[in-house]
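Counting from 1, the numbers follow the sequence of the chain as shown. The model shown is predicted, which means the values in this text are computed figures rather than measured ones.
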Amino acid sequence: MISAIAQLAVSVNYNMADYLPDNTPSMHAVDLMEREFDEPAANARVMIHHVSVTEALVYKAKLEAIDGVTEVTWLDDVIDVKEPLEMADPDLVEPYYKNGTALFSLHIREGDEVATVDQIYDLIGEENAVAGEAVDTAVSQKMAGQESFNAAALLIPIIVIILVLATTSWIEPLFFLTAIGISVLINMGANIFIGEISFVTQSVAPILQLAVSMDYAIFLLHSFSGFRKQLSDPDEAMRRAIKQSFPAIAASASTTFFGFIALSFMEFGIGADLGLNLVKGIALSFLSVIVFLPAFTLMFYKWIDRTQHPPLVPKLKGFGERVLKLRIPSFIALMLLIVPAFLAQSQTSFIYGLGEQPETTRAGADAAAIREAFGENSSMVLLVPKGDPGKEEKLVQRLEELPRITSVTSYVNTVSSAIPSEYLEESVTKPFYSDNYARIILNAETDSEGDEAFWLIDRVRNIAESYYDEVHLLGESVTLYDIKKTVERDNALVNLLTVVSIALVLLFTFRSISIPVVLLLTIQSAVWLNLSVPYFTDSSLVYVGYLIISTVQLAATVDYGILLTDTYRKLRQAMPAREAIKKALDDKLFAILTPASILSTVGFILSFTSSNPIVSSIGLLLGRGALLAFGMVVIALPAMLFLFDRVIEKTTLRPNFYPGKGEW
């Protein structure tokens, strides 16, 4: 109850730039400009149709009057609009005013995006448009709560149906949901000690914790149900159930726990934030299942007895036999798929920001309308040391010659390099000069990210560095460029830590060198297949989603392989390999299908209900990845366990395998 209340006081951060390391060039540039200049960089654009220059100036004044708008830039800041526009340079005019349509650049104060954007909507009406980074943030903030509710409203009934099908009691699924649901609430409330979480964590962590740790409760109560049939004393049945299921629950929790710890080592803070919350969540789910669920079950086990129903899904007898018949084709298919899948997932094109809003939304339709009227646009601010107008003029001339640059605004080409700034009023020089730096604003006809935008950032920086030893560049596209560089560095580290940590857990769990290799190859193949789909479908993938899911899928689905392999290993001590594989598959198929279907459902519902491209991307990858992992575990893993049975026996500490492999 305390945690349920405390979670309401946890703030959510929707600004991806805040999660970049402090020493990132763009973050240093932002801090510097905030110290040196009063006017911040623009983060939104407003388009007004059918207005004259005079009417546009009236709109500009109204926009400036909105609380939360700290700066508005338009044509009058570049040229003297009292002069006929026909006499002005079209390259200066058209980025701001074209065919009776005005385009304003403005800055919306961080933290006030929702209220400010709503006021802008009220001012401009339905027929005009507003778009930009601040608008995307406002949309995400407004939709997050509603979308989380929608996801839960869809998810919980589906999970209940899956669990009812997987059990023989109508009420037992509520015991699973209660145990894990309480741990989710405590985890969310515990964030009060952190103070702030990212929007990705807010949207993904609770549902992912529920899906990933549900099998802990299933393991325990299935074991309890089995001992109830043998013993009349429920307390003794629960004691034995805890003892029997504890190793499987601990191994499953450990692989997930250490897999998620790898996310915490990301330099890009969103991954670290999500990793910390998932690590807390797994630990709390484990404690809830081992401490709370037994007590809760013993208090209300009679409810389970009174609501028994016959199995609703018949057992698939002979499934193991059919899988073994395909062991050679399955193994060959796996070997053939691994290399192209690995290569394809490394060649996928990525999006490093939020991506575009769907055109079915107001924000998406407005952004499309602005692009259609004025083309692609991204703004950058270049800060260089003040004091050498001649050098500054040469730099500006070089920048104006760059392809895709539509305008360069600076003191030397807006006022004059021939007029010393000391002779003019501060109101004239203030936009261009601080005490120490000159500010140059560049507008480019590119998207906020992509190869062309990132190439242009490199060219601007290189040109500026050829004139100055100290150069600072900032803007949305520059931030995304730095996000790209940061997460690409994170990729190798996070993947390595995930694989190594899970391999060590498997090594100690199975006391075997070969079993961790077989399990990791199985699940990692499913990860590569999942991440290769965007390449083969020629679609872009949100990189943050790619980076997170490459860890989450491996950590979350290796449990399926652990369950099947552990069962096989125990059976192998009493029977030949063929019979052990067949019986393990027949006995555990439904136990693997249940958590896989829950995790897959969670992913697809996240993808379906979220308008946030990062959250939606994580959901789609998670849903597809759970299905692929299930397929690999029940088809490819049995083939490898059988084919490498002798290798496993020789590389496992005291395997005590039954003599004889069984007929091929």
Side-chain angles (χ1 to χ4, degrees), residues 215-216 218-220 222-224 226-227 230 239-259 286 289-290 320 323-324 327 330-331 334 498-525 554-555 557-589 591-592 632-664:
D215 50 348
Y216 309 164
I218 293 173
F219 290 167
L220 179 66
H222 274 192
S223 183
F224 175 66
F227 282 112
Q230 303 171 23
R239 274 193 288 271
R240 294 196 184 184
I242 293 172
K243 183 177 180 180
Q244 183 190 63
S245 60
F246 185 86
I249 295 172
S252 179
S254 296
T255 53
T256 314
F257 181 88
F258 288 109
F286 177 77
V289 167
I290 296 300
V323 168
L324 271 186
R327 61 188 180 276
S330 298
F331 181 72
L334 174 63
T498 304
V499 171
V500 169
S501 60
I502 291 177
L504 289 173
V505 172
L506 294 174
L507 183 67
F508 287 109
T509 299
F510 291 103
R511 295 178 300 175
S512 171
I513 296 172
S514 54
I515 288 178
V517 174
V518 170
L519 281 174
L520 285 172
L521 181 63
T522 302
I523 303 301
Q524 190 64 60
S525 299
L554 180 61
T557 60
V558 73
D559 298 353
Y560 313 158
I562 290 173
L563 179 59
L564 182 66
T565 304
D566 188 53
T567 305
Y568 162 75
R569 186 186 60 168
K570 290 174 181 175
L571 290 171
R572 185 66 181 84
Q573 295 173 354
M575 60 186 70
R578 174 184 286 276
E579 285 69 27
I581 289 286
K582 288 193 295 185
K583 184 167 177 54
L585 270 172
D586 290 342
D587 290 352
K588 297 300 179 183
L589 175 64
I592 297 169
M632 295 295 288
V633 166
V634 300
I635 295 174
L637 179 58
M640 286 196 288
L641 289 175
F642 186 81
L643 293 172
F644 297 109
D645 178 79
R646 293 285 172 81
V647 176
I648 291 171
E649 183 178 13
K650 292 183 181 299
T651 56
T652 301
L653 183 64
R654 292 191 292 275
N656 300 322
F657 278 8
Y658 182 86
K661 180 174 181 176
E663 296 179 5
W664 273 62

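- Of all heavy-atom pairs spanning Ala591 and Leu563, the tightest one is CB-CD2, 3.9 Å.
- In this structure, CD1 in Ile513 is found 10.0 Å from CG in Leu653, a value given to the nearest 0.5 Å.
- Every side chain to side chain contact (heavy atoms under 4.5 Å, CB included) that Asp586 has, sequence neighbours left out, goes to Phe319.
- Residues Phe227 and Gln244 form a side-chain contact, since some pair of their non-hydrogen atoms from C-beta on lies under 4.5 Å apart.
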Assess whether side chain to side chain contact (heavy atoms under 4.5 Å, CB included) is satisfied between Phe219 and Asp215, documenting all intermediate values. CA-CA 6 Å; Phe219 290 167; Asp215 50 348; 4.2 Å; yes
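- For the atom pair CZ of Arg569 and CZ of Arg511, the computed distance is 6.5 Å after rounding to the nearest 0.5 Å.
- Among all heavy-atom pairs drawn from Ala250 and Phe286, the shortest one is CA-CE1, 3.9 Å.
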Derivation of the side chain to side chain contact (heavy atoms under 4.5 Å, CB included) call for Asp566 and Phe510: CA-CA 8 Å; Asp566 188 53; Phe510 291 103; 4.1 Å; yes
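- Looking at residues two or more places apart in sequence or on another chain, you find a side chain to side chain contact (heavy atoms under 4.5 Å, CB included) between Glu649 and Arg646, Pro655, Phe657.
- Between Ala555 and Ile502, the shortest heavy-atom contact is CA-CD1, 3.8 Å.
- Remark: Lys588 engages no residue in a side chain to side chain donor-acceptor pair (under 3.5 Å) (not counting sequence neighbours).
- Contact of the Leu521 side chain with the Ser525 side chain is registered, since non-hydrogen atoms from C-beta on lie closer than 4.5 Å.
- Leu506 contributes atom CG, which lies 11.5 Å from atom OG of Ser514 (distance to the nearest 0.5 angstrom).
- By the 4.5 Å heavy-atom criterion applied to side chains, Val633 and Ile523 are counted as neighbours.
- Judged as a side chain to side chain contact (heavy atoms under 4.5 Å, CB included), and not counting sequence neighbours, Phe508 has no contacts.
- The two residues Ile562 and Ala251 come nearest to each other via the heavy atoms CD1-O, 4.2 Å.
- Put simply, the side chain of Tyr216 reaches to within 4.5 Å of the side chain of Thr256, judged on heavy atoms.
- Listed by chain and residue number, nothing satisfies the side chain to side chain contact (heavy atoms under 4.5 Å, CB included) test with Val517 (two or more places apart in sequence, or in another chain).
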Anything under 3.5 Å between a donor and an acceptor, one on a side chain of residues 635-642, the other on a protein residue two or more places apart or in another chain? List them.
none

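- Counting heavy atoms from C-beta outward, Leu520 and Leu554 have side chains that approach closer than 4.5 Å.
- In this structure, CE in Met632 is found 10.5 Å from CD in Gln524, a value given to the nearest 0.5 Å.
- The minimum heavy-atom distance between Leu220 and Val289, with the atom names listed, is CD2-O, 3.3 Å.
- Side-chain atoms of Ile515 and Tyr568, non-hydrogen and from C-beta on, never get closer than 4.5 Å to each other.
- Between Arg572 and Ile648, every side-chain heavy-atom pair lies at or beyond the 4.5 Å cut-off.
- Rounding to the nearest 0.5 angstrom, the gap separating the NZ atom in Lys650 from the CG atom in Asp645 is 10.5 Å.
- Among all heavy-atom pairs drawn from Ala241 and Ser223, the shortest one is CA-OG, 3.4 Å.
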